[in-house]
Amino acid sequence: MDIRVRFAPSPTGYVHIGSLRTALYNFLFARKNKGQFVLRIEDTDRTRLVGGAIENLLDSLKWAGINHDEGVFIENSELVQKGNFGPYIQSERLDIYQSYIHALIDKGYAYYCFCSKERLEEVRDKQKSEGKTPMYDRHCLNLSKDEAEIRIKAGEEYVVRLKVPDNEEIRFHDLVRGDIAIHSSDIDDQVLIKSDGYPTYHFAVVIDDYLMKITHIVRGEEWLTSTPKQVVLYNYYGWNVPDFVHLPTVLNKDKKKLSKRQGDVSVTDFLDKGYLPEALVNYLALVGWSPKDNQELFTMDELIQEFSFDRISNTGGVFDVDKLNWINSQYIRKADNEELFELAIHHIIAAGRDTEENIRREKDRYLKIIDLVKEKLDHMSQINNHLDVFFGDEVSFENEEVIDTLQQEHVTRLLNAFMVKLKETEAVDEEFSANIFNVLKNETGAKGKGLFMPIRAAVTGQLHGPDMGKTFIILGKSLLIRRIEFVLDALND
RNA sequence: GGCCCUAUGGUCAAGCGGUCAAGACACCGCCCUUUCACGGCAGUAACCUGGGUUCGAUUCCCAGUAGGGUCACCA
C-alpha cells in the first residue's frame with residue numbers, strides 16, 4: 001500500500017512553529033517512504049477565517065523547503081488545487097459530508113439535535129456544579145425521525161450528533177504511545193454537523209482522510225484524547241483505521257504550550273529575524289526526534305534519510321532559542337556571502353540605515369564586511385550591530401574605557417605617526433595592514449596593548465571587534481585618515 | 001474535577017535488566033588570538049518518590065507525586 005500522509009491546517013492566521021514541525025515530520029516520512037504528502041485546508045470554522053492565511057501558509061512551507069505533492073498550491077498568485085482526491089479545501093466538500101452524514105443517520109449512528117445553545121449551557125453548568133464532566137445529556141437522542149423532519153421543515157436550527165456506543169472500550173494504536181483505550185462513557189456525543197451546515201473537525205477529518213486514502217495520521221498530541229471519537233466513526237463506516245502518530249508538544253521555557261505571548265512562535269517571526277530556513281528546520285527536527293547517532297547538523301536530504309517514527313520522543317520539548325541560535329550560527333558561517341548579503345539587505349533597510357539602492361551600490365564593501373563578521377552572528381538581523389564600525393567619518397566612543405585608552409600620554413604621538421604612514425601609502429592594502437603595526441612599533445616605541453588598543457579605539461571607537469588589518473582594508477585610506485583626524489581633534493579639546 | 005499522555009543534568013536528548021549513565025546547547029576554566037569572536041581542550045551538573053518482579057533495576061509492573069493535554073455547534 002502506498003504511504004499517504006497529510007498536513008491539514010486551518011487558515012486562521014500565522015503558521016505556528018509547532019505546526020511547521022508537524023508538517024516537517026509528515027514531509028520527511030512521505031519522502032523517506034516514497035509516499036505522497038497532501039496539503040488540505042480545514043476551513044470549516046467560518047468565524048475564524050483570516051484573509052490571506054492560506055497564502056501565508058503556502059509561503060511559509062515553501063520558505064522552509066517543505067513541499068507537498070497534492071492539494072492546494074499557489075501559482076501566479078492564484079490558489080490552485082492538484083490531485084485526484086480533491087477538492088482539498090473542506091468548504092468545497094460540503095456535499096460530500098452531507099451524503100456521508102445521511103448514511104450515518106439512517107443507521108442510527110448519528111441523530112438530529114435541536115437543543116439550543118442556552119440549554120446546552122445550562123446542562124453543562126449543572127453538571128459542573130455537581131462535579132461531573134460536562135457532556136451532552138442525549139436529550140434529543142430518541143426523537144422520532146418523523147418529528148425531527150417536521151421540525152427541520154419548520155425551520156428549526158439543528159445539529160447532527162454522533163451516537164457514541166454504550167459501554168464499550170474504544171481502542172486504537174499510536175505509533176509513538178502504543179495501545180490506548182478510552183471507555184465510551186467518557187466520550188461525548190460529539191457534534192458532527194453544525195447548525196450552519198458545516199462539518200466539525202471530527203467528522204470532516206475522518207471522511208477526508210478516508211476518501212484521500214491517508215495511511216498515517218501524523219498530528220499534534222492535543223488530538224490524542226479526541227481520537228476515539230474518530231475511531232468510532234471509522235468503525236461505524238466499516239473502514240480500516242489508519243495509523244496514528246501523535247507528536248509531543250513544543251513547549252515554552254515554562255513548560256507550557258508555546259504561545260504567542262511569550263515570544264516568537266510564528267514562522268514569519270523567525271524569517272523576519274534572519275534565521276536561515278535550513279537552520280530552523282534542522283533545529284525543529286531535533287525537538288521531539290533524535291537520530292541514531294549523535295549528529296546535530298542535517299541537510300534536508302539527511303533528515304529524510306534518517307527519519308523514522310520510532311525515534312520520536314514521547315515527552316514535550318522546550319523550544320530552546322539558544323540552541324536554535326547555535327545551529328543558525330553554524331549555517332551562517334557556512335553560507336555563501338552573496339546569499340547572506342541578500343538576507344542582510346532586508347535587515348539593514350529595516351533598521352533604517354540605508355536604502356536598498358545605496359546598499360547594492362556598495363555591495364562589494366558589504367560582502368567584505370559580511371565575510372569578516374558572519375562568525376559573530378546568531379541571525380542576520382544582528383548584522384546591524386556590526387555595521388557602525390564601517391561607516392561614517394566620525395568615531396563614536398563606545399564607553400569610558402575607550403576614552404581612557406585614547407587619553408594615555410603616548411597616544412597623540414602614535415596616532416600622528418599612523419596618520420603620516422596613512423598619507424604616505426598609496427593604498428591601504430594587505431601589505432600595508434601586515435606591516436603597519438611593526439612600523440609604528442619601531443617608530444614610536446609603543447608596543448603590545450599600548451600599541452594595538454589605541455589604534456583600534458581610534459579607528460573603531462571600540463576595544464574589541466574583528467581583525468584590525470582586515471578592518472583597515474575595508475575602511476580604506478581616506479576614511480581612515482578622516483577618522484584619525486577626527487579623533488586627534490577630539491583629543492585636543 | 002473526570003479522562004488520557006508523560007517523567008534521565010538548566011535545555012534538547014542517548015539508553016531499551018548488569019554502563020565509571022553518551023552527545024549537543026547553555027554555563028565555568030584553560031589554550032589559541034596583542035581585542036572580541038571562531039576553533040581546540042577540560043570541568044560542574046541528571047535517572048521524581050515509595051513499593052514490588054529479579055541474583056541484579058534508570059530500564060519491567062503498581063501506587064503516589066509532579067508536569068502536560070483534553071473535556072465547544074474551535075481546529
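Here the structure is a predicted model, which is why all the values come from computation and not from measurement. Letters A, B, ... are given to chains in the order of the sequence lines, protein chains preceding strands, and every chain is numbered from 1. All heavy atoms count here, side chains included; hydrogens, waters and symmetry mates do not.
Looking at T225(A), its side chain has no donor and acceptor atom pair within 3.5 Å of the base of C4(B).
Nucleotide G23(B) holds its C1' atom 10 Å from the CG atom of D293(A), rounded to whole Å. Atom CZ of R177(A) and atom P of U6(B) are 6 Å apart (whole Å). Atom CD1 in I170(A) sits roughly 21 Å away from atom P in U70(B) (whole-Å rounding). The distance from atom CD of Q295(A) to atom P of C12(B) is 21 Å, rounded to the nearest whole Å.
The cationic group of K421(A) does not satisfy the cation-pi geometry with F418(A), failing either the under 6.0 Å distance to the six-membered ring centre or the 45° limit from the ring axis.
Closest to the side chain of I182(A), from the set C3(B), U34(B), A72(B), is C3(B).
In terms of the salt bridge (Lys or Arg N to Asp or Glu O under 4.0 Å) criterion, D174(A) has no residue partners (sequence neighbours excluded). With sequence neighbours left out, K163(A) forms a side-chain contact (heavy atoms from CB on, under 4.5 Å) with Y111(A), R138(A), L141(A), D166(A), Y236(A).
Of the residues in residues 93-102 of chain A, none has a non-hydrogen atom less than 4.0 angstrom from any atom of RNA chain B. Within residues 458-471 of chain A, the residues approached by RNA chain B to less than 4.0 Å at the level of any non-hydrogen atom are L463(A), H464(A), G465(A), P466(A), D467(A), in residue-number order.
Aromatic rings from H216(A) and F29(A) are positioned such that their centres are separated by under 6.0 Å.
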Return a single string for nucleotides 37-49 of chain B, one symbol per nucleotide in 5' to 3' order, where B is base contact, S is sugar-phosphate-only contact and - is none, cutoff 4.0 angstrom on heavy atoms. BSS----------
How would you summarise protein contacts on nucleotides 60-68 of chain B per nucleotide, using B for base, S for sugar-phosphate only and - for none, with heavy-atom distances below 4.0 Å? --------S
